[in-house]
A.B. asks: 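Below is one structure. I have some questions about it.
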Amino acid sequence: MSVVRYWAVFSLGVAAGAAAALIYAPQTGEKTRKQLKRKFEDASDYISDASDDLSKHATRVYKATKDAAGDVASRVSSVAGNVSSAASSIADKVGDLV
């Protein structure tokens with residue numbers, strides 16, 4: 001099939017589809033445009049609300065993670081101090097034995 005013939009058949013199909021849509025359209029174009037505009041505004045509001053909720057959730061997760069990391073850091077510091085103290089005590093006892 002040649003390129004020209006392909007585009008001719010394609011254009012004919014588009015025109016037939018558009019004509020069928022106009023014939024069987026259940027409502028006027030103005031009403032359809034208003035309905036589409038309303039749906040677009042609803043979708044826009046939904047996306048805005050969802051992004052706000054996601055932002056709030058991300059902030060809560062960030063704060064919780066930051067607090068948990070601080071707790072882990074303080075526990076690691078405490079354990080490191082205990083290990084250091086124990087190692088020093090063992091070194092002193094070994095020094096006394098030698």
Side-chain angles (χ1 to χ4, degrees):
M1 182 183 287
S2 71
V3 174
V4 174
R5 185 171 177 189
Y6 172 81
W7 285 109
V9 171
F10 178 78
S11 299
L12 183 62
V14 169
L22 289 174
I23 291 170
Y24 291 107
Q27 56 195 10
T28 64
E30 184 178 342
K31 187 173 180 182
T32 301
R33 285 189 294 275
K34 286 180 182 178
Q35 186 179 25
L36 288 174
K37 182 179 177 184
R38 241 189 335 263
K39 290 198 183 281
F40 178 74
E41 289 170 352
D42 290 345
S44 176
D45 291 341
Y46 174 78
I47 290 171
S48 177
D49 292 343
S51 67
D52 289 344
D53 291 344
L54 183 61
S55 175
K56 289 176 186 175
H57 182 66
T59 301
R60 281 194 305 259
V61 168
Y62 171 76
K63 287 179 181 178
T65 303
K66 186 177 176 183
D67 292 343
D71 290 346
V72 168
S74 70
R75 288 181 185 177
V76 167
S77 177
S78 175
V79 168
N82 291 341
V83 169
S84 175
S85 175
S88 177
S89 175
I90 290 171
D92 289 344
K93 288 182 183 180
V94 168
D96 291 343
L97 290 176
V98 173

A.B. asks: Counting only heavy atoms not in Gln27, do more than 12 sit closer than 6.0 Å to its CD atom?
C.D. replies: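 Atom CD in Gln27 is crowded, with more than 12 foreign heavy atoms closer than 6.0 Å.
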A.B. asks: Going from CG on Leu54 to OG1 on Thr59, what distance comes out if it is rounded to the nearest 0.5 angstrom?
C.D. replies: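 Here the interatomic distance stands at 9.0 Å.
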A.B. asks: Working to the nearest 0.5 Å, report the span between CZ of Arg75 and OG of Ser78.
C.D. replies: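 Reported value, rounded in 0.5 Å steps: 9.5 Å.
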A.B. asks: With rounding to the nearest 0.5 Å, note down the distance linking CZ in Arg60 to NZ in Lys56.
C.D. replies: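 The NZ atom of Lys56 is 8.5 Å from CZ of Arg60, to the nearest 0.5 Å.
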A.B. asks: Answer yes or no: is there a donor N or O on one side and an acceptor on the other, between the side chain of Ser11 and the main chain of Ala8, under 3.5 Å?
C.D. replies: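 A pair under 3.5 Å: no.
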A.B. asks: In this structure, would Val3 and Val14 fall into the same cluster of hydrophobic residues linked by side-chain contacts under 4.5 Å?
C.D. replies: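 Same cluster: Val3 reaches Val14 through Ile, Leu, Val, Met, Phe, Trp or Tyr contacts under 4.5 Å.
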A.B. asks: Applying a strict under-4.5 Å side-chain criterion to I, L, V, M, F, W and Y, I'd like to know whether Val9 and Val4 cluster together.
C.D. replies: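 In one cluster with Val9: Val4, no.
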A.B. asks: Can you tell me how far the CG atom of Asp45 sits from the CZ atom of Phe40, to the nearest 0.5 Å?
C.D. replies: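 One finds 10.0 Å between CG of Asp45 and CZ of Phe40.
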A.B. asks: Over 60° means perpendicular and under 30° means parallel, so classify the ring planes of Phe10 and Tyr6, tilted if in between.
C.D. replies: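 Judged by the thresholds at 30° and 60°, the geometry between Tyr6 and Phe10 is parallel.
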